[in-house]
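Working notes, structure below.
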Amino acid sequence: MIAPNMTEGLGHLTPEDDIFCDEDVLRDDYDPDRILERDEKLNEYLNMFREVVRGKRPRNIFVYGPTGVGKTVGTRLVLDRLQEDVSDIQNISVTTVHLECKDLNTSYQVAANLVNKLRNRTGRQSISTTGHPEGSIYDMLFEELRNIPQTHVIIALDEIDNIGTSDNVLYKLGRCNNRNSAEYVDPDETKVGLVGVTNDGTFRDRLDSRVQSTLCDHEIHFPPYDATELRTILADRAVDAFHDDVCTEDVIPLVGAFAAQRSGYARTALDLLYTAGNLATNEDAEQVTEEHVRRAEDKIQQGAIVTEVNQLSTQGKIVTLTLVRLHEEGELPSKLDKIYAWYETNANKIDTDVVTPRTINNILNDLMLNGVVTTKEVNHGVKGGRFYKYDLGANRDLLLEGLEGNSRIAEADHRDRLKTNRSCVD
DNA sequence: CTTCCACAGGAAAAGCCGGGGT
DNA sequence: ACCCCGGCTTTTCCTGTGGAAG
């Protein structure tokens with residue numbers, strides 16, 4: 001504990017909070033058994049399994065949509081409901097497997113983990129996930145499937161985009177009930193249904209066309225939430241998260257609107273609401289107001305710039321640094337050739353590859369998209385032609401903050417500055 | 001209305017990198 | 001250990017663009 005004589009100027013942490021009642025409620029993984037504003041989607045989803053309750057072979061389903069719109073939770077709810085609905089039907093039983101493929105990036109690993117999931121179900125020993133010949137892993141998998149006591153098995157693979165182009169397992173699973181498939185599972189023993197869940201919209205197109213035709217016939221698309229839907233979700237959580245009457249009336253609609261505009265993810269909205277509440281708490285305010293929401297949105301946007309810059313390629317960072325320096329010298333806005341000249345000297349100092357103006361052009365385009373630079377078209381007709389003038393699109397300090405942490409650029413820049421300072425002194 | 005400037009940005013070739021198979 | 005392939009980035013080459021000047 002800190003000695004008392006050191007705490008004079010330091011405040012105290014107290015468990016009381018005038019704003020938040022339970023801020024955990026605003027985490028997006030809170031209460032993962034409930035999902036709002038998705039009834040229609042979930043019913044559509046559940047309906048995809050209607051063959052199962054009639055004892056027929058299940059369809060293969062492909063579920064896609066961005067993160068945080070209820071795909072994973074929805075899948076679990078639907079599969080649970082399916083089991084529930086089947087439980088009092090004679091001669092039909094369902095077992096479901098939900099496998100998270102986040103860290104499994106080959107078909108082999110997916111297959112091995114499926115074998116283990118199925119084995120654990122009956123309490124048998126799991127197999128090692130490495131070391132088997134690829135073929136025997138599949139043999140084991142389909143052996144397990146044949147031996148399942150239930151009539152149906154639904155295999156849900158979450159985040160399947162991770163397995164990349166190695167889509168063998170999808171192909172084999174997707175058509176293992178077909179008599180002419182190499183790994184035939186007799187539907188009289190077990191009927192196999194496959195559900196693929198992904199947030200990568202392009203994944204579908206990257207799949208082998210044979211897999212596409214077996215897996216992608218039936219699709220469920222989870223779209224982002226709109227402002228109204230977000231409002232419902234927010235209102236629901238706010239009741240538990242905040243003390244009574246802490247939020248002014250316009251807070252939730254405004255958060256919903258901002259979040260819908262930015263992404264449409266529940267997570268974005270909850271984050272924003274949390275940040276707004278936090279601002280209010282830190283200021284000892286009695287209420288969370290529209291003002292707090294606006295400032296929270298600002299803060300998040302600024303944070304976004306910092307991370308954007310931080311995630312740039314080395315070249316992108318050098319260009320950003322170049323622009324900041326140009327800005328400090330009052331040389332902005334300026335056109336590409338000037339920026340390129342400065343970039344060239346910077347890149348040489350840092351001792352990295354120097355790319356061509358065309359690439360810098362591309363980088364500047366990227367920087368424009370994420371708000372680091374702004375452009376203005378200038379046209380001087382016959383005398384000067386048409387070109388862009390580039391300027392900083394974000395606060396200089398935020399950009400520098402984003403550049404920090406990149407040792408190469410930071411150090412080289414630092415060395416450079418020391419040198420200049422010394423020569424000034426001399 | 002036509003011309004013409006000088007860069008923007010599309011298209012395709014070239015280069016590079018990592019993973020998987022042999 | 002080696003090579004080949006696919007995906008991604010960079011380079012090269014070239015056409016498109018829109019207002020000012022004549």
Side-chain angles (χ1 to χ4, degrees), chain A residues 64 101-113 128-139 141 159-172 182 198-212 308-323 326 331-393 406 408-409:
Chain A
Y64 64 102
C101 304
K102 191 172 276 174
D103 303 316
L104 313 173
N105 30 31
T106 59
S107 268
Y108 178 95
Q109 286 175 333
V110 170
N113 278 277
S128 157
T129 55
T130 55
H132 304 275
E134 180 152 13
S136 63
I137 281 284
Y138 292 128
D139 291 344
L141 174 57
E159 310 205 23
I160 46 169
D161 43 303
N162 265 300
I163 71 165
T165 49
S166 101
D167 46 18
N168 256 327
V169 74
L170 301 183
Y171 178 64
K172 289 178 194 291
T198 177
N199 52 35
D200 181 347
T202 68
F203 179 65
R204 225 187 74 129
D205 308 325
R206 296 209 309 266
L207 283 171
D208 189 306
S209 56
R210 300 170 313 166
V211 181
Q212 274 188 34
E308 288 277 1
V309 172
N310 203 264
Q311 285 164 3
L312 287 173
S313 64
T314 311
Q315 293 294 340
K317 284 178 180 167
I318 298 171
V319 173
T320 308
L321 181 67
T322 305
L323 284 161
L326 276 160
E331 300 278 358
L332 289 181
S334 61
K335 38 188 217 165
L336 180 74
D337 56 354
K338 183 167 211 164
I339 293 171
Y340 186 73
W342 281 59
Y343 155 81
E344 231 178 338
T345 48
N346 268 340
N348 278 326
K349 272 182 217 151
I350 292 168
D351 191 29
T352 178
D353 295 342
V354 179
V355 296
T356 56
R358 180 68 183 84
T359 307
I360 297 300
N361 191 349
N362 283 342
I363 291 175
L364 284 170
N365 259 322
D366 290 348
L367 293 178
M368 194 172 77
L369 287 179
N370 61 30
V372 174
V373 303
T374 54
T375 57
K376 204 175 74 186
E377 194 179 306
V378 182
N379 196 326
H380 288 150
V382 73
K383 192 173 179 293
R386 177 179 142 275
F387 54 88
Y388 286 135
K389 286 208 165 199
Y390 299 88
D391 201 348
L392 283 192
N406 187 301
R408 256 174 97 200
I409 292 173

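It should be emphasised that the depicted structure is a prediction, and the values quoted were computed from it without experimental measurement. Order of the sequence lines fixes the chain letters, A, B, ..., with proteins taken first and strands second; residue numbering starts at 1 for each chain.
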Rounded distance in Å - [atom1] ([X]) to [atom2] ([N]):
X: N365(A); N: dG9(B); atom1: CG; atom2: C1'; value: 8 Å
X: L364(A); N: dT10(C); atom1: CG; atom2: C1'; value: 15 Å
X: R358(A); N: dT11(C); atom1: CZ; atom2: P; value: 11 Å
X: I339(A); N: dC7(B); atom1: CD1; atom2: P; value: 12 Å
X: N361(A); N: dT12(C); atom1: CG; atom2: P; value: 15 Å
X: N362(A); N: dG9(B); atom1: CG; atom2: C1'; value: 8 Å
X: F387(A); N: dG19(C); atom1: CZ; atom2: C1'; value: 12 Å
X: I363(A); N: dA8(B); atom1: CD1; atom2: C1'; value: 16 Å

Side-chain donor/acceptor of R386(A) to base of dT17(C), under 3.5 Å = yes
Over all atoms of both residues, closest heavy-atom pair of L367(A) and G316(A) | CD1-O, 4.5 Å
All heavy atoms of Y138(A) vs all of A111(A), minimum pair found to be CE2-CB, 3.7 Å
So, does [X] get its side chain near the phosphate of [N], meaning an N or O under 4.0 Å from OP1 or OP2?
X: N379(A); N: dC5(B); result: no
X: Y388(A); N: dA6(B); result: no
X: K335(A); N: dA6(B); result: no
X: T356(A); N: dT10(C); result: no

When the nearest nucleotide of DNA chain B is assigned to V382(A) and to Y390(A) on a heavy-atom basis, which residue is associated with the more 5' position?
-> V382(A)
Side-chain heavy atoms of K349(A) within contact of N346(A), under 4.5 Å | yes
Could you check if a side-chain atom of Y64(A) sits within less than 4.5 angstrom of a side-chain atom of I160(A), using non-hydrogen atoms only?
-> no
So what does V355(A) touch, heavy atoms closer than 4.0 Å: a base, only the sugar-phosphate, or nothing?
-> sugar-phosphate
Can any side-chain N or O of K317(A) pair as donor or acceptor with the backbone N or O of N310(A) at less than 3.5 Å?
-> yes
